[in-house]
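Okay, structure first, notes after.
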Amino acid sequence: MLAKRIQPMVSQARSLYVELMFQVMGRALQAVSEVDDAVKKETQALPAGFLFEMMVMPDGPRLIVEHTGLGRLHYHGDSAPRPVDLSIQFKHIAHAFLVLSFQEKTAVAFANDRMLVDGDISYAVRMTRILNRLESFILPRLIAERAVKEYPSDLHLPQKLISAVRIYLKVATNFVETVRA
Amino acid sequence: MTHKYYEFFCPVKVIAGKSALEHIPYELTGLAAKRPMIVTDKGVRAAGLLDPVIAACEESGLEIVTIYDDVPPDSSTTVVRDIAGIYRQEKCDSIIAVGGGSAIDTGKAVNILVSEGGDDIAKYSGAGVIKHPLKPFFVVPTTAGTGSEVTAVAVITDETKGVKLPFTSSFLLPNAAIIDPRMTLTLPPHITAATAMDAMTHAVEAFTCMAKNPLSDAYATAAVKKVSQSLLSVMDNPKDVDGRLEIAQASTMAGIAFSNSMVGLVHALGHATGAICHLPHGLCMSLYLPYVLEYNLETIREPLGDLLLPLEGPEVFSATPAARRAEASISALRKLRDQLHKRCQLPRTLKETGKVTEDQLDQIAEMALDDGAIMFNPKEVSLDDARAVLQRAWA
């Protein structure tokens with residue numbers, strides 16, 4: 001009985017968490033493309049104007065970023081200015097929660113068919129590498145190891161800390177700017 | 001609570017063994033199909049492989065309405081459109097693809113057009129675009145390796161844009177796969193070896209990569225056992241009907257396994273090498289398999305060790321300490337490659353192919369890194385890692 005009453009609240013909390021994580025990730029993607037040369041290099045292979053979406057099916061939370069050129073990503077929030085070029089779609093909010101709460105690695109989620117790719121697979125592979133790199137920067141190592149297939153061996157604490165601080169500052173600034181606007 | 005999850009799907013009716021072709025008329029009739037079209041290539045026709053298929057149908061009063069035998073090795077959107085036109089003109093109601101990967105993929109693509117309508121196959125490209133069951137579609141493989149008869153994927157080249165279009169839908173799966181040993185009896189030795197190693201790689205990667213699951217494991221181990229037990233005897237005695245059937249079944253089983261658990265770095269490197277150096281897919285698989293297993297070793301030690309049983313049999317398995325079984329599995333695969341090299345000069349290194357130059361390795365590594373298969377490799381692969389594997393495979 002109690003479980004039945006709690007269930008809607010749990011669902012709502014899960015949905016809010018996923019939405020919040022998408023907002024953080026979208027802003028963090030923009031930030032990491034300004035901070036990290038490896039991410040810039042990965043992003044440069046995408047066409048300028050390339051729109052990437054990560055969303056929950058059928059019409060759940062989503063994040064949209066655009067490659068504006070020179071390896072820079074721009075976060076568009078949850079609405080795209082035109083049809084997206086690549087969409088990674090979680091089949092259910094529960095699957096998105098598993099990944100975004102670091103209970104399931106992104107690669108495992110792909111292997112478990114939790115997500116669909118609509119668009120060029122090679123770009124999806126590249127975007128996954130960018131997401132992995134971002135998570136390695138912004139998450140404590142113990143949590144990052146749960147999120148990525150392999151924690152990068154060349155990512156040492158000083159570089160991680162400096163980059164993480166810069167990314168979080170940019171994310172916070174972006175949040176404030178959004179609220180003000 | 002377990003965190004494991006998997007999906008497994010294979011609705012293809014497998015019709016395998018002696019006189020399997022003679023089941024085609026009954027199976028087609030069961031789907032209310034009376035006017036089949038055969039899609040094949042000139043090589044298959046020249047080898048006389050269509051004759052038993054046509055005879056099997058005619059003996060049962062089923063007329064093959066038309067035969068398209070000009071499928072190129074790399075099928076294109078134009079070819080698909082042309083075949084669909086003939087299908088409509090001849091008022092066919094079903095398709096029988098007879099051949100290797102290209103004829104089968106073409107058959108799948110033609111089936112999309114004639115079922116969904118239109119002339120532009122490109123608009124059905126991608127995953128999950130097709131929403132309805134297609135026309136009755138049978139596949140008769142004439143090579144034993146690709147497993148295309150049980151995969152839900154087709155790749156067709158768009159000549160105008162110069163890109164390969166992928167089509168993914170469970171509706172692409174044929175209604176039946178007919179595995180008849182007569183169809184692979186005349187395969188030349190080097191193609192027999194390369195395609196069988198393709199099947200072996202499908203099975204090994206299905207068993208060791210990230211999306212492995214209990215059902216795909218069962219198919220994968222059975223496929224490994226069949227290839228291990230039969231390949232060399234077929235190489236020594238190409239007319240060995242039983243051996244041919246074992247390899248053909250192994251190919252189908254490996255196809256079922258990998259289409260439900262995906263593949264990894266061997267395929268990523270193989271796809272890139274095929275695109276850049278135009279090496280046959282099966283050869284690439286045979287070439288890279290041991291080097292990639294060595295790269296993945298510490299991540300896949302347990303499943304790779306388990307493969308020693310189907311690879312070498314119970315005596316070797318029980319005599320090998322558990323801690324050494326993974327290495328022994330790699331040795332068994334190397335031994336098999338050496339034997340194939342001895343029998344038909346199947347290259348074991350990139351240098352031995354004579355078609356790859358060392359300065360192409362960087363390009364191969366970069367392309368492999370963006371291949372979808374790399375996502376399912378159990379160990380993360382950086383550009384330097386891919387380069388290192390290629391360097392080891394070089395000579």
Side-chain angles (χ1 to χ4, degrees), chain A residues 38 41-46 57-58 83-89 91-92 94-95 97-99 101-133 135-136 144-155, chain B residues 1-9 125-129 153 155 161 163-166 168-170 205-206 208-213 216 259-265 267-268 271-272 275 295-296 298-299 366-386:
Chain A
K41 201 175 160 199
E42 287 278 15
T43 310
Q44 267 171 350
L46 304 169
M57 293 171 81
V84 297
D85 299 286
L86 172 70
S87 178
I88 294 181
Q89 302 166 350
K91 288 181 180 172
H92 194 276
H95 304 148
F97 184 75
L98 279 176
V99 172
S101 60
F102 317 111
Q103 296 176 62
E104 196 164 273
K105 297 175 196 289
T106 312
V108 173
F110 271 116
N112 286 354
D113 280 310
R114 312 287 200 192
M115 301 188 277
L116 297 176
V117 173
D118 188 4
D120 190 318
I121 297 284
S122 65
Y123 290 149
V125 175
R126 192 167 283 271
M127 282 309 300
T128 306
R129 277 203 300 272
I130 292 171
L131 285 166
N132 284 346
R133 178 102 182 145
E135 287 172 333
S136 302
E145 280 170 347
R146 294 169 63 98
V148 300
K149 205 192 279 184
E150 203 171 286
Y151 190 81
S153 56
D154 60 347
L155 183 56
Chain B
M1 195 174 97
T2 181
H3 288 277
K4 286 181 183 161
Y5 172 86
Y6 70 90
E7 293 178 7
F8 187 94
F9 183 67
S125 172
V129 180
V153 181
V155 179
K161 291 181 184 161
V163 292
K164 291 199 171 196
L165 301 173
T168 310
S169 165
S170 56
E205 288 216 292
T208 53
C209 286
M210 288 184 69
K212 77 197 273 357
N213 63 70
S216 68
S259 59
N260 282 284
S261 65
M262 306 310 287
V263 282
L265 181 57
H267 274 77
H271 292 153
Y295 172 74
N296 285 336
E298 291 314 320
T299 324
E366 277 170 29
M367 189 183 265
L369 222 57
D370 283 346
D371 190 278
I374 215 158
M375 197 97 89
F376 302 98
N377 195 64
K379 188 175 169 185
E380 192 64 89
V381 187
S382 68
L383 189 58
D384 286 342
D385 296 331

- [ ] To the nearest 0.5 Å, tell me how far B:K4 NZ sits from A:N112 CG.
- [x] 11.0 Å
TODO: Identify which part of A:D118 has an atom lying under 4.5 Å from any heavy atom of chain B, answering side chain, backbone, both or neither.
DONE: neither
Open item on the list: I'd like to know which of B:D370, B:L369, B:T299 tops the heavy-atom pair count under 4.5 Å against chain A.
Closed with: B:D370
TODO: Please state whether the side chain, the backbone, both or neither of A:V108 comes within less than 4.5 Å of a heavy atom of chain B.
DONE: both
- [ ] Quick one: pull up CD in B:E380 and NZ in A:K105 and give me the separation to the nearest 0.5 Å.
- [x] 10.0 Å
TODO: Would you mind checking which part of A:N132 comes under 4.5 Å of any heavy atom in chain B, side chain (CB onward), backbone (N, CA, C, O), both or neither?
DONE: side chain
Task: Close side-chain approach of B:M262 and A:F110, heavy atoms under 4.5 Å - done: no
Open item on the list: If you compare all heavy atoms of B:P378 against all heavy atoms of A:K149, which two are closest, and at what distance to 0.1 Å?
Closed with: O-CD, 3.8 Å
TODO: Under the salt bridge (Lys or Arg N to Asp or Glu O under 4.0 Å) rule, collect the residues that match up with A:R133, sequence neighbours excluded.
DONE: A:D36
- [ ] Specify the closest pair of heavy atoms between B:A211 and A:A111, including all atoms of both residues, with the distance to one decimal.
- [x] CB-O, 3.5 Å
Open item on the list: Working to the nearest 0.5 angstrom, can you tell me the gap between A:I121 CD1 and B:I374 CD1?
Closed with: 13.5 Å
Task: Check: B:K379 side chain, A:E150 main-chain N or O, donor-acceptor pair, under 3.5 Å - done: no
Open item on the list: How long is the straight-line distance from CZ of A:R114 back to OH of B:Y5, given to the nearest 0.5 Å?
Closed with: 6.0 Å
